[in-house]
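A short write-up of the structure that comes next.
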Amino acid sequence: KQEVTQIPAALSVPEGENLVLNCSFTDSAIYNLQWFRQDPGKGLTSLLLIQSSQREQTSGRLNASLDKSSGRSTLYIAASQPGDSATYLCAVPSLLNEKLTFGTGTRLTIIP
Amino acid sequence: DVKVTQSSRYLVKRTGEKVFLECVQDMDHENMFWYRQDPGLGLRLIYFSYDVKMKEKGDIPEGYSVSREKKERFSLILESASTNQTSMYLCASSRGRGNNEQFFGPGTRLTVL
């Protein structure tokens with residue numbers, strides 16, 4: 001059974017710093033990985049979907065990498081801003097169907 | 001842009017009531033999903049549907065049922081609400097046929113008294 005882990009559970013950094021969020025998964029037989037952000041009391045917003053054939057995917061200040069062989073993905077946020085404060089979740093699909101297994105998330109706080 | 005809407009942002013119901021949560025997507029997506037999210041437990045899949053009138057149980061279907069009569073609409077039904085169903089409910093959709101990128105609605109915070 002796929003298990004997805006995100007460490008740390010919470011992270012605080014000063015505004016302007018670059019930072020990396022981590023996502024680990026136990027079954028490397030995935031065909032993509034999706035990163036989301038969630039603001040308190042709100043739904044999830046899709047940030048990036050990175051295919052297994054890609055090593056990186058970029059959107060603005062966000063860059064996601066995927067290393068299937070090691071079962072890891074990272075989300076790099078450049079020049080962090082207070083508006084980046086949110087919970088970030090990663091998720092991987094099952095090969096049998098399109099159900100996602102979610103990590104428990106990293107709660108990010110950017111300190112002005 | 002994909003738009004997923006949910007009928008209510010906040011809902012308060014009494015124990016034993018029948019509760020309907022509605023979800024609508026406007027991008028002709030094949031797949032639709034219902035999750036609940038609780039502190040410390042993360043997102044858990046209740047039911048999903050990959051076509052009209054088709055449904056499959058997720059990880060925690062007990063106490064819930066679903067209906068998908070039209071492609072754009074997926075309803076979650078609590079036949080007899082209980083206090084342990086107090087939660088945030090999230091609906092999502094994906095195009096399907098190999099495209100599994102999921103898009104979420106804003107969520108419904110349900111409180112059962």
Side-chain angles (χ1 to χ4, degrees), chain A residues 1-10 21 23-27 29-54 57 59 62 64 66 73 86-107, chain B residues 1-10 21 23 25 27 29-51 54-61 87-111:
Chain A
K1 180 184 174 186
Q2 179 75 270
E3 292 183 5
V4 183
T5 305
Q6 293 183 250
I7 295 173
L21 305 179
C23 172
S24 301
F25 45 93
T26 54
D27 185 349
I30 63 169
Y31 53 92
N32 60 43
L33 183 144
Q34 195 170 358
W35 281 95
F36 297 88
R37 73 172 275 167
Q38 186 177 29
D39 295 291
K42 302 284 181 64
L44 277 67
T45 300
S46 179
L47 296 174
L48 289 164
L49 184 143
I50 180 166
Q51 301 290 350
S52 61
S53 57
Q54 300 174 297
Q57 179 76 271
S59 175
L62 306 180
L66 177 61
S73 176
T87 296
Y88 291 79
L89 298 103
C90 62
V92 296
S94 161
L95 285 183
L96 297 176
N97 50 43
E98 291 171 11
K99 290 168 54 177
L100 292 181
T101 300
F102 286 84
T104 49
T106 295
R107 188 173 70 251
Chain B
D1 281 354
V2 175
K3 191 87 184 265
V4 181
T5 57
Q6 295 184 228
S7 50
S8 305
R9 291 284 286 120
Y10 301 94
L21 302 182
C23 176
Q25 50 90 9
M27 285 300 291
H29 282 180
E30 302 285 336
N31 300 334
M32 297 188 76
F33 306 82
W34 273 108
Y35 297 89
R36 64 177 284 177
Q37 186 177 32
D38 301 285
L41 296 176
L43 275 117
R44 294 181 289 169
L45 182 65
I46 304 171
Y47 268 97
F48 67 103
S49 168
Y50 50 89
D51 201 352
M54 305 298 284
K55 61 185 179 185
E56 284 202 22
K57 293 179 180 180
D59 300 319
I60 52 163
S87 186
M88 170 70 105
Y89 288 87
L90 294 164
C91 175
S93 71
S94 67
R95 182 163 300 281
R97 299 180 186 177
N99 185 336
N100 64 280
E101 185 174 8
Q102 287 193 18
F103 298 88
F104 280 77
T108 295
R109 170 72 64 184
L110 173 67
T111 301

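Each chain gets a letter, A, B and so on, in the order the sequences are listed, and its residues count up from 1.
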Can you tell me how far apart OG1 (A/Thr87) and CD (B/Gln37) are? Round to the nearest 0.5 Å.
8.5 Å

Hey, what do you get for CG (B/Asp59) to NZ (A/Lys99), rounding to the nearest 0.5 Å?
5.0 Å

Measuring only between side-chain heavy atoms, which start at C-beta, is A/Leu100 closer than 4.5 Å to B/Leu43?
no

Proximal component of A/Asn32, with respect to chain B [non-hydrogen, under 4.5 Å]:
side chain

Heavy atoms, side chains only, cut-off 4.5 Å: are A/Lys42 and B/Met88 in contact?
no

For B/Tyr35, is it the side chain, the backbone, both, or neither that has a heavy atom closer than 4.5 Å to a heavy atom of chain A?
side chain

Below 4.5 Å from any heavy atom of chain A, which atoms of B/Arg9 appear? Answer side chain, backbone, both or neither.
side chain

Side-chain donor or acceptor of B/Glu101 paired with backbone N/O of A/Leu49 under 3.5 Å
no

State, to 0.1 Å, how close A/Leu44 and B/Phe104 come at their nearest heavy-atom pair, and which atoms those are.
O-CB, 3.3 Å

Using a cut-off of under 4.5 Å for heavy-atom pairs, which of B/Gly96, B/Ser94, B/Gly42 has the most such pairs with chain A?
B/Gly96

Other residues, nucleotides, ligands: >12 heavy atoms within 6.0 Å of A/Arg107 CZ
no

Is it the case that over 12 heavy atoms from other parts of the model lie below 6.0 angstrom from the CD atom of A/Gln54?
yes

